[in-house]
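Read the structure below first, then the notes.
We name chains A, B, ... by the order of the sequence lines, and we start the count at 1 in each one. The structure displayed is predicted, hence computed values, not measured ones.
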2 protein chains.
Amino acid sequence: MDVAHAAGVSKSLVSAALRGDPGVSAESRRRVGEVAAALGYRTNGWAQRLVSGRSALVGVLLTDLRNAYHTDIVNGIEDAAEEAAYDVILSHGRRDPDLLRRRLADLVELGVDAVIAVTAHLDEPDLRQAAARVPLVVVGRPARVPDGAGWVSNDDETGARLAVQHLADAGHTRIAFLAASDRPAARARRDAYRAAAPGRPREFDARTGGIADLLTATGLPDGPTAVFAANDRLAAEVLARAADHGVRVPEDLAVVGYDNTDLAGLVRPALTSVDQPRAAMGRAAMAQALTLLGGAATAHEVAVPTLVIRASSVPATP
Amino acid sequence: MDVAHAAGVSKSLVSAALRGDPGVSAESRRRVGEVAAALGYRTNGWAQRLVSGRSALVGVLLTDLRNAYHTDIVNGIEDAAEEAAYDVILSHGRRDPDLLRRRLADLVELGVDAVIAVTAHLDEPDLRQAAARVPLVVVGRPARVPDGAGWVSNDDETGARLAVQHLADAGHTRIAFLAASDRPAARARRDAYRAAAPGRPREFDARTGGIADLLTATGLPDGPTAVFAANDRLAAEVLARAADHGVRVPEDLAVVGYDNTDLAGLVRPALTSVDQPRAAMGRAAMAQALTLLGGAATAHEVAVPTLVIRASSVPATP
DNA sequence: CTGAAAGCGCTTACAG
DNA sequence: CTGAAAGCGCTTACAG
């Protein structure tokens, strides 16, 4: 450290001053700070972390940057991390399970203090392996979360029930369900739909032309008059395709989505949607990471969703 | 390293085997790998990076996770990074200039090999300071990019001209411009609009009620018949509010956006938009970071936008 | 392939 | 506050 030399003090003093050690006089702190700035000195992060054994870094792995749902959670994590004096490093799995595994291993190897995995696409063995090395909190609904990992999830059953109940209360008796996934969250929403919907289930899969089928069926005598879509993105596609096909929303088809992302307020008719408290879930995940770091046991926290009603499910009052 | 002990070999061999050093026999590599896996051994990233002087990490700073434009660029960066055997670490500035500065400094201090800043919100002094310590490439259009930093940007003037020309070619003579920013990119688009639009300029600012003003003016005898919005998000808001106000798009008002994000295809009418080659821009940024790392001089690469025509600017043929 | 040595840039006690 | 020492967990030559 030639900062020490230039300032005419010891290396120890420089180290202490730069770290903000309380036992350093204000005068020394100022001098050292000045000289360091003048010399453009920056402490070497690798060395500092190697010796201190603490990185003050939490790694966040997320499935899909493009998904507003995920990024809202990240915002919550970041807020809580900032308050706890942790920096957040993001890593991006791009919906690719293989890439997600590698990124998870990379974060562990990098040596972050804790990992928060905002993803439903990691298998239990991978999660378990990571959790054995570093405090790990999962946000979302993967196939299975190992005991060694913390977990924050949304109550999909309640959310789906809210959506279906809302439609049933409005008088709909032929309510369809639309999904594009077989993952646990979509499954849970579908199961709750089956339990709550009046009449027989009418299920469509967007991966196999389900949106077109749904809109065609809507015209039929016994066709659905409402649809609960497993997420907002799907619901927005229904709105778009409905407009293309001359199907009126909500008159011919009421639509409810899930997630209450930005999109819900931006499309027309604006989308009724189940809201997950995303920022709160992110905060809860960071809070749990902190308690794990402190040696606490893992927990499963379940966030309770609410329904936000907009025009896509409510006929305009004449 | 008790891996060495357990495998009955030297630390040097373990180190070489784990790094994939070519001078290690296949048999040794296998043995060491096995023992390391059995012991759950992971190399310490901090130590490895401290001694090797190379992190194999590139830090990406981005303004806004929620903006699909930014995340598409990140995908391009990641693709190119993967090919070059670099890992990407993301840091998030949340549209907050102050936070962006701190995050930039954090990345530098962390010790990544290069930084790519996907943002227009950093000031020249901050960029210069970072560039003095680490190869830095800026993607976007900040107030000023210092000579020491690489730069990849989009040709906003050309893009705006394409948008306005398209509307003028369709016969529009009263074309409005809508923005919500005074930043260089928005300014450049506005200036190109002024130069290319027939008739007098009609400029609206969404931050001060411009969308409502625009829609009101649209009904007037001399009101605008078309609008070029400085980005897709704004354009989507115009579509939504137009629907609310009974203004028909494109019959009463033709709309063109900028960025050609996912949103453009999802709204109705689908949005005509200027497309920036985002993935290519991301790749170019990573490629330039690599050349800077190799000691090359900085460059300014300008990507050329194209126009994607959809229903929001083209009356349906009867 | 081994084994002992030096060093990466810092922090952490500790005697003075 | 100083200064010398030890050590964090690795990699890098290098003689054998």
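- Between the side chain of A/R187 and the main chain of A/D182, a donor-acceptor pair closer than 3.5 Å is present.
- At C/dT11, one or more side-chain N or O atoms of A/S15 fall inside 4.0 Å of OP1 or OP2 (strictly under the cut-off).
- Regarding A/R54, its CZ atom lies at a distance of 20 Å from the C1' atom of D/dG9, rounded to whole Å.
- Within a heavy-atom distance below 4.0 Å of DNA chain C, the residues of residues 44-53 of chain B found are B/L50, B/V51.
- Remark: side-chain polar atoms of A/R183 are paired, donor with acceptor, to backbone N or O of A/A120 under 3.5 angstrom.
- Under a 3.5 Å cut-off, the side chain of A/D96 and the backbone N or O of A/D98 do form a donor-acceptor pair.
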field: Per-nucleotide pairing state of DNA chain D [Watson-Crick or G-U, under 3.5 Å; [ ] pseudoknot-crossing; | other strand]
entry: |||.||||||||.|||
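- Atom CZ of B/R101 has 12 or fewer neighbouring heavy atoms from other residues, nucleotides or ligands inside a 6.0 Å radius.
- B/L136 places a side-chain heavy atom less than 4.5 Å from the side chain of B/L127.
- A donor-acceptor pair is defined here as one N or O able to donate and one able to accept, closer than 3.5 Å; no such pair exists between the side chain of A/Q288 and the backbone of A/V152.
- OP1 and OP2 of C/dG9 both lie 4.0 Å or more from every side-chain N or O belonging to A/Y41.
- For residues 102-155 of chain B, the set of pairs meeting the ring-ring contact (aromatic ring centres under 6.0 Å, His included) definition, not counting sequence neighbours, comprises B/W151-B/H300.
- Listed by first and then second residue, the ring-ring contact (aromatic ring centres under 6.0 Å, His included) pairs involving residues 42-94 of chain B are A/W46-B/W46 (not counting sequence neighbours).
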Criterion salt bridge (charged side-chain N to carboxylate O under 4.0 Å, His left out) on B/R278 and B/D259, from CA distance to verdict: CA-CA 9 Å; B/R278 288 155 296 193; B/D259 284 345; over 6 Å; no
Which pairs, protein N/O on one side and nucleotides 2-6 of chain C N/O on the other, fall under 3.5 Å?
residue: C/dT2; atom: OP2; partner: B/S10; partner atom: OG; Å: 3.4
residue: C/dG3; atom: N7; partner: B/S12; partner atom: OG; Å: 3.2
residue: C/dA4; atom: N6; partner: B/S12; partner atom: OG; Å: 3.3

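- Applying the salt bridge (charged side-chain N to carboxylate O under 4.0 Å, His left out) test to residues at least two apart or on different chains, the pairs with a partner in residues 105-122 of chain A are A/E109-B/R42.
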